[in-house]
2 protein chains.
Amino acid sequence: MQNPSEIVSQVRDSVTHAAASAAAEATTVSTVVSSQVGDFIRTQRNAAQVSLRELARSAGVSNPYLSQVERGLRKPSAEILAQIARGLKISAETLYEQAGILDRRSGTPDTVTAIRSDPALSERHKAVLLDLYESLADSTASPPTPQHAPLSTKEEHP
Amino acid sequence: MQNPSEIVSQVRDSVTHAAASAAAEATTVSTVVSSQVGDFIRTQRNAAQVSLRELARSAGVSNPYLSQVERGLRKPSAEILAQIARGLKISAETLYEQAGILDRRSGTPDTVTAIRSDPALSERHKAVLLDLYESLADSTASPPTPQHAPLSTKEEHP
DNA sequence: GCTCCCCGCTTGCAGGAGCAAGCAGGCGGG
DNA sequence: CCCGCCTGCTTGCTCCTGCAAGCGGGGAGC
């Protein structure tokens, strides 16, 4: 049997927890969840002319599950996400970003500068890469990532 | 009622699946990983002189669960990982890396990172550029991609 | 001595991830 | 015509994540 006072102690603990989780909810974007990832995956898959089952196979996941993921009925774990990324030949970071579990690599990377200053490339090769980059980047308009910032750095005290 | 032939068709599908998952299991490191993250988290927490309950509160997770995570009994999701990272004031990438759901970008030159995170490029184009980069870059200068690879490249047909 | 408060850990349960199995429909060839 | 093979979707199950509640213990104040 416990003393009433001890019980009170436990209760206070719980209350503190409740308050904390409430606060956490206030600061966390969370719930929106985003079928974003699913749409993105499906888009990428279609762009690559790959069937659902094919991708499922190469990614090592079951085809029904992939189907559900693409339609936003299921929220895939990071591991599954990484495997799908591998199957799609894209970077896991991109998918994590889409899933809202990673911030955008802030600070525009400036690929051109990186290529120009890359010691592993000869000048000729730099030219080739830059030329290709120019043709691929296209850059019509510039809608570069709206920055909704899902789980980004927050202020501790406002 | 179904025709036997159709059933056979279904069966073939299942068999293919079984083979695929077997292959996946063969090439995936999988289960070993986990406790790494827990140790890392606990180390970081102790280094910061923070109690378990405190971190749990600031990270927005329950204290018992954090306890289990630190001792490797539970495998936290990426979301939880990101929250813990926030509570510890460290980057989510670091924790993902420890959890084995993100490859180390250590050896990779800046150009690769720049391309990967370039908003002006589609994922397809990134793949193209990275592929070309790989073939152009001087291999003597940098030993690229260590590839310990928990979720790394896999053969299509063994 | 005894309370009070903190520490970390254990337990039982709700809910969701992920898969095996099965289903409906479209298309080419015997 | 209908058989085989593809496409994607739905269902029922198992396993595990994540939390609320409770436990035992150690140090400070009375």
Side-chain angles (χ1 to χ4, degrees), chain A residues 1-22 24-25 28 30-31 33 37-38 41-42 45-46 49-57 59-84 99, chain B residues 1-22 24-25 28 30-31 34 37-38 41-42 45-46 49-57 59-84 99:
Chain A
M1 185 59 183
Q2 269 187 316
N3 284 335
S5 48
E6 290 184 2
I7 294 180
V8 169
S9 165
Q10 308 292 343
V11 168
R12 280 202 63 222
D13 195 21
S14 301
V15 168
T16 315
H17 256 318
S21 58
E25 187 172 8
T28 305
S30 64
T31 39
V33 188
V37 212
I41 292 176
R42 177 157 290 193
R45 181 172 65 79
N46 287 334
Q49 305 269 35
V50 179
S51 82
L52 191 148
R53 277 176 140 97
E54 236 177 308
L55 175 56
R57 230 185 303 275
V61 304
S62 71
N63 59 85
Y65 184 59
L66 181 56
S67 168
Q68 290 170 316
V69 165
E70 285 192 351
R71 285 174 306 141
L73 311 184
R74 286 291 211 277
K75 203 185 84 180
S77 74
E79 245 144 346
I80 299 290
L81 240 37
Q83 289 181 333
I84 294 176
Chain B
M1 187 62 179
Q2 269 187 313
N3 284 335
S5 48
E6 290 183 0
I7 293 181
V8 169
S9 167
Q10 306 293 343
V11 168
R12 282 200 62 224
D13 194 23
S14 301
V15 168
T16 316
H17 256 320
S21 57
E25 187 173 4
T28 306
S30 66
T31 37
S34 5
V37 210
I41 292 177
R42 177 157 288 193
R45 182 172 64 80
N46 287 333
Q49 304 270 32
V50 180
S51 82
L52 190 149
R53 277 174 140 100
E54 238 177 306
L55 174 57
R57 232 185 304 273
V61 303
S62 71
N63 59 86
Y65 185 60
L66 182 56
S67 167
Q68 290 170 315
V69 165
E70 286 191 349
R71 284 174 307 141
L73 312 183
R74 287 289 214 278
K75 203 184 82 178
S77 75
E79 246 143 345
I80 298 290
L81 240 37
Q83 291 180 348
I84 293 177

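Here is how names work: the chains are called A, B, and so on, in the same order as the sequence lines, proteins then strands, and each is numbered from 1. These values consider heavy atoms only, across backbone and side chains, with no hydrogens, waters or symmetry-generated copies.
The side chain of A:P64 sits closest to D:dT10 out of D:dC19, D:dG8, D:dT10. Residue A:V61 has its side chain nearest to C:dC19 when only C:dT10, C:dG8, C:dC19 are considered. Among D:dC19, D:dT7, D:dG8, the nucleotide with an atom closest to any side-chain atom of A:R42 is D:dG8.
Judged purely by atom type and a 3.5 angstrom limit, B:R45 uses its side chain to pair as donor or acceptor with the backbone of B:V50.
Between A:R53 and D:dC9, a side-chain N or O to OP1/OP2 separation shorter than 4.0 Å is absent. The shortest distance between the side-chain N/O atoms of B:S62 and the OP1/OP2 oxygens of D:dA20 is not below 4.0 Å. Side-chain nitrogen and oxygen atoms of B:R57 include none within less than 4.0 Å of the OP1 or OP2 phosphate oxygen of C:dC6. Look at A:R71 and you won't find any side-chain N or O under 4.0 angstrom from OP1 or OP2 of D:dG8.
At whole-Å resolution of the value, CG in A:L66 and C1' in D:dT7 are 13 Å apart.
Remark: A:R74 engages no residue in a salt bridge (charged side-chain N to carboxylate O under 4.0 Å, His left out) (not counting sequence neighbours).
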Expected rows: protein N/O vs nucleotides 13-17 of chain C N/O, under 3.5 Å:
residue: C:dA17; atom: OP1; partner: A:K75; partner atom: N; Å: 3.2
residue: C:dA17; atom: OP1; partner: A:K75; partner atom: O; Å: 3.4

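In this structure, B:L66 CG and B:L55 CG are separated by 5.0 Å, a value rounded to the nearest 0.5 Å.
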